[in-house]
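Beneath this line is the structure, given in structure tokens, with notes to follow.
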Amino acid sequence: MPENETYQPTDFIREFVKEDLASGRFTYVHTRFPPEPNGYLHIGHAKAISISFGIAEDFHGKTNLRFDDTNPLKEKMEYVDAIQEDVRWLGYDWEDRLFFASDYFEQLYEWAKELIKKGKAYVCELSDEEIREYRGTQEFDEQGNRVTPPGKNSPYRDRPIEENLDLFERMRNGEFADGSKTLRAKIDMAHPNLNMRDPVMYRIMHAEHYRTGNQWCIYPMYDWTHGQSDSIEGITHSICDVGFENHRPLYDWYIRELGIFPSRQIEFGRLHLTYTVLSKRYLRQLIEEGHVSGWDDPRLPTIKGMRRRGFTPEAIRAFCKRIGISKSDGIVEIQQLEHCLREHLNQTAPRVMAVLNPLKVVITNYPEQQEEELEAINNPEDPTAGTRKVPFSRELYIERDDFMEEPPKKFFRLSPGREVRLRYAYFVACQEMIKDDKGEIVELRCTYDPATRGGDAPDGRKVKATLHWVSARHAVKAEVRLYEYLFTKEDPFDLKEGEDWKTNLNPHSLTVLSNCYVEPDMAAAQAGYRCQFERLGYFCKDPDSTPERPVFNRTVALKDTWKKIQQKTD
RNA sequence: UGGGGUGUAGACGAAUGGUAAAGUCACCGGUCUUUGGAACCGGAGUUUGAAGGUUCGACUCCUUCCACCCCAGCCA
């Protein structure tokens, strides 16, 4: 990858891979990213993607994209497309290796028959409730605590092989109703790992699959699909989150019984981030209940949302790399993510001046009709970004926060009688404040020093502050959307008795400012354009923009030590 | 309860029996600055979940305990 992610991360998965190569267990490295197309990707997936693609890359191997689409009730082509777009946007390439578990249905069916013939699988007619009962997982002691006695065998467990074969074929042929029968692996009903107590391999579902249509009415379960799919593709290291750790014995069991290529499953701890939720279930709930506008709401940790917010793929990748990989289930502070974002945007985002809460300034000694263009640096971090011309005139807007009638000790900005610099323009001094009936300041009268054009005083005098500004006559009116954390608590599930997690939703997570002014060029910028509004933060043009009314999302604010000082003195 | 996991500063996370236990974020202080940004310099903080044991030497090996997380779908 071309960006400046220079240090080589080392982690236990890479150690395993190294060992496997050294021992000869594998002679190459091939990973996969296996999303189910039933929702959109979020930053947790980005971590998984970064691990699987990253490891393959480190070991000169390949990574497949495979859709794990074994549940026709939940999956859609729309998600397949969106997921591909997101993975690509993140900067990863699976080349021509796009696969679908649903393409393996026939092979899986054949393998199931093999298992039946080996006496390792049987058609069961227990209902779902009965299966649970027989598994022994529904028992409680006198105190109501869960206990887990050994399960007992299904009465259908010892059906003759021929009968199983016949029944299984008829299951496929659609002779039986949904839920009336299953195919189960014959393992051990007393196994301490519940996944090994005769897991269901196939269930009957007369449902249309988004890819196979009505070709099938039996669908394989995840466990009976995943390992074999890995094996078919020659995947060496099947990297997933710890949620699947207790499925590994079953993963291995199926592969061993079938005698097929032995992919190795390795698990890592899933990502948690402060001030947000990171699971499809909760994200969906926020959307369905209207707490956010959709999967691409810029407040969401979805890839779509983050993209709209103005995140760069580089920042997300740098973050994934920096947080490392382990199996502990910690929670990463969101500041870590913000840092990676600022770091990249600082290098790459062109600077622009924009005033979010305008306060009018009239330069009384500047001629009424005069205007001029001043040269501004596009990005002080990147000389190749060049310069631009910014229009200046008698009437300007500055940020309301940059003026205080009675400034506290550490406030360096404008106040009555004080001189400050207007960035790339002139020194100005405040002479007078105009207030309305309510005592609100509506305008400032200032004078400028023509000798300070460009921002330096020939006499060497200094000012303590530099303000951003915009020419009232030239500026373009814009809408700006400010975002704060979605939740008021680091852990949204930090709740009092009986409280719903959504009570921790931050009512101020979105603030819309509709009276903002930006440099004239911003009207023409494309949606998705990222820049820094000087002294404010990084912003990204939203697709809601029209030529008449550009809309900007605040991606992330600049670090603000003044705010910190204020908070401390409060 | 059974099974599977995890515990190293506020957060993430290195250290593979051998120097005062990396690094990043956050925090604190300073330098510099035409962004109170960036950059740069410096600082504080853990004694490695607890208790025992093995060893010249333990985050690392052993024992016991404690805490937390996950699973107990015909979801993935």
Side-chain angles (χ1 to χ4, degrees), chain A residues 7 9-11 15 34-36 38 68-71 73-75 124 126-128 131-132 135-141 143 145-150 178-179 181-184 191-197 199-205 219 221-223 225-226 240-249 267 269-270 274 280 322-340 342-343 346-347 351 353 376-377 380-381 410-413 421-425 454-456 463-468 490 532-537 557-565:
Chain A
Y7 78 94
T10 172
D11 56 74
E15 289 299 320
E36 184 190 13
N38 72 340
D68 219 333
D69 53 355
T70 58
N71 186 347
L73 266 22
K74 295 187 175 174
E75 297 149 5
C124 183
L126 256 24
S127 69
D128 54 350
I131 286 182
R132 240 172 288 147
R135 239 202 289 266
T137 57
Q138 299 298 298
E139 313 284 325
F140 295 87
D141 66 13
Q143 279 85 248
N145 296 314
R146 206 164 200 140
V147 291
T148 315
D178 285 6
K181 290 180 176 50
T182 56
L183 184 72
R184 295 228 262 162
H191 198 106
N193 182 335
L194 275 7
N195 291 127
M196 301 296 271
R197 317 248 267 219
V200 172
M201 295 162 62
Y202 279 95
R203 68 292 211 189
I204 301 174
M205 293 170 106
Y219 288 94
M221 298 289 289
Y222 164 83
D223 287 303
T225 305
H226 202 86
C240 59
D241 76 63
V242 289
F244 295 94
E245 199 153 18
N246 36 18
H247 291 246
R248 180 153 30 97
E267 311 83 12
R270 51 190 304 161
T274 55
K280 277 182 203 165
R322 224 178 270 222
I323 57 173
I325 310 169
S326 76
K327 290 182 74 162
S328 57
D329 61 325
I331 182 159
V332 178
E333 291 176 337
I334 200 154
Q335 287 82 357
Q336 187 96 234
L337 214 209
E338 292 176 345
H339 170 81
C340 294
R342 290 194 187 100
E343 190 174 54
N346 177 48
Q347 296 306 325
R351 271 56 168 175
M353 289 197 283
I377 293 166
E381 302 295 324
K410 288 181 176 166
F411 183 87
F412 305 143
R413 283 111 93 149
R421 171 169 39 232
L422 294 181
R423 180 146 232 223
Y424 301 125
D456 279 309
V463 288
K464 292 199 79 173
T466 301
L467 310 187
H468 60 275
E490 282 199 2
Q532 182 195 103
F533 288 167
E534 294 228 27
R535 303 208 306 132
L536 297 173
L558 251 28
K559 288 220 275 185
D560 190 346
T561 45
W562 166 238
K563 194 165 148 197
K564 217 178 255 181
I565 292 166

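Chain A is the first sequence line, chain B the second, and so forth, proteins listed ahead of strands; every chain is numbered from 1. Because the structure is a prediction, the values reported are computed rather than measured.
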Legend entry - Which residue lies more 5' along RNA chain B, comparing G455(A) with E333(A) via nearest heavy atoms: E333(A)
Inset, instruction - Please evaluate the base of U1(B) for a donor-acceptor partner in the side chain of T148(A) within a cut-off of under 3.5 Å? - result: yes
Legend entry - Residues E36(A), K74(A); criterion salt bridge (Lys or Arg N to Asp or Glu O under 4.0 Å); working and verdict: CA-CA 9 Å; E36(A) 184 190 13; K74(A) 295 187 175 174; 5.9 Å; no
Legend entry - Given G36(B), G2(B), G4(B), the nucleotide with the shortest approach to the side chain of N246(A): G4(B)
Inset, instruction - Establish, from distance only, whether the side-chain atoms of R421(A) and T466(A) form a donor-acceptor pair under 3.5 Å. - result: yes
Legend entry - Integer angstrom distance from the C1' of C59(B) to that of A21(B): 8 Å
Legend entry - Presence of K280(A) side-chain N/O under 4.0 Å of C75(B) phosphate oxygens OP1/OP2: no
Inset, instruction - Could you pull out the closest heavy-atom pair between H191(A) and R197(A), with the gap in Å? - result: O-NH1, 2.7 Å
Inset, instruction - Considering just the side-chain nitrogens and oxygens of R322(A), establish if one lies under 4.0 Å of OP1 or OP2 belonging to G23(B). - result: no
Inset, instruction - Write down the distance separating the P atoms in A58(B) and C71(B), rounded off to the nearest Å. - result: 39 Å
Inset, instruction - Take the angle between the ring planes of W562(A) and F411(A) and call it parallel below 30°, perpendicular above 60°, tilted in between. - result: perpendicular
Legend entry - Criterion side-chain contact (heavy atoms from CB on, under 4.5 Å) on L558(A) and Q532(A), from CA distance to verdict: CA-CA 9 Å; L558(A) 251 28; Q532(A) 182 195 103; 3.8 Å; yes
Inset, instruction - Establish, with yes or no, whether the OP1 or OP2 oxygen of A38(B) is under 4.0 angstrom from a side-chain nitrogen or oxygen of K559(A). - result: yes
Inset, instruction - Compare the ring of Y222(A) with the six-membered ring in the base of A76(B) and state whether they stack (centres under 5.5 Å, planes under 30°). - result: no
Legend entry - A22(B) and U8(B), which share atom name C1', separated by this distance in whole Å: 12 Å
Inset, instruction - Determine: side-chain N/O of S326(A) to OP1/OP2 of G13(B), distance under 4.0 Å, yes or no. - result: yes
Inset, instruction - Report yes if at least one side-chain N or O of K327(A) is closer than 4.0 Å to OP1 or OP2 of C70(B); otherwise report no. - result: no
Legend entry - Any R535(A) side-chain nitrogen or oxygen under 4.0 Å from OP1 or OP2 of G36(B): yes
Inset, instruction - Report which part of the nucleic acid T274(A) touches: base, sugar-phosphate, or nothing (heavy-atom distance under 4.0 Å, all strands). - result: nothing
Legend entry - Side-chain N or O of R421(A) closer than 4.0 Å to phosphate OP1/OP2 of U35(B): no
Legend entry - U60(B) and A14(B), which share atom name C1', separated by this distance in whole Å: 13 Å
Inset, instruction - Identify, between K464(A) and L194(A), the residue whose nearest nucleotide on RNA chain B lies closer to the 5' end. - result: L194(A)
Legend entry - base_contact_polar (G4(B) base, E267(A) side chain, donor-acceptor, <3.5 Å): no
Legend entry - Euclidean distance for P, A39(B) against U24(B) (whole angstrom): 12 Å
Inset, instruction - Please check the phosphate of G2(B) (OP1 and OP2 only) for any side-chain N or O of T137(A) closer than 4.0 Å. - result: no
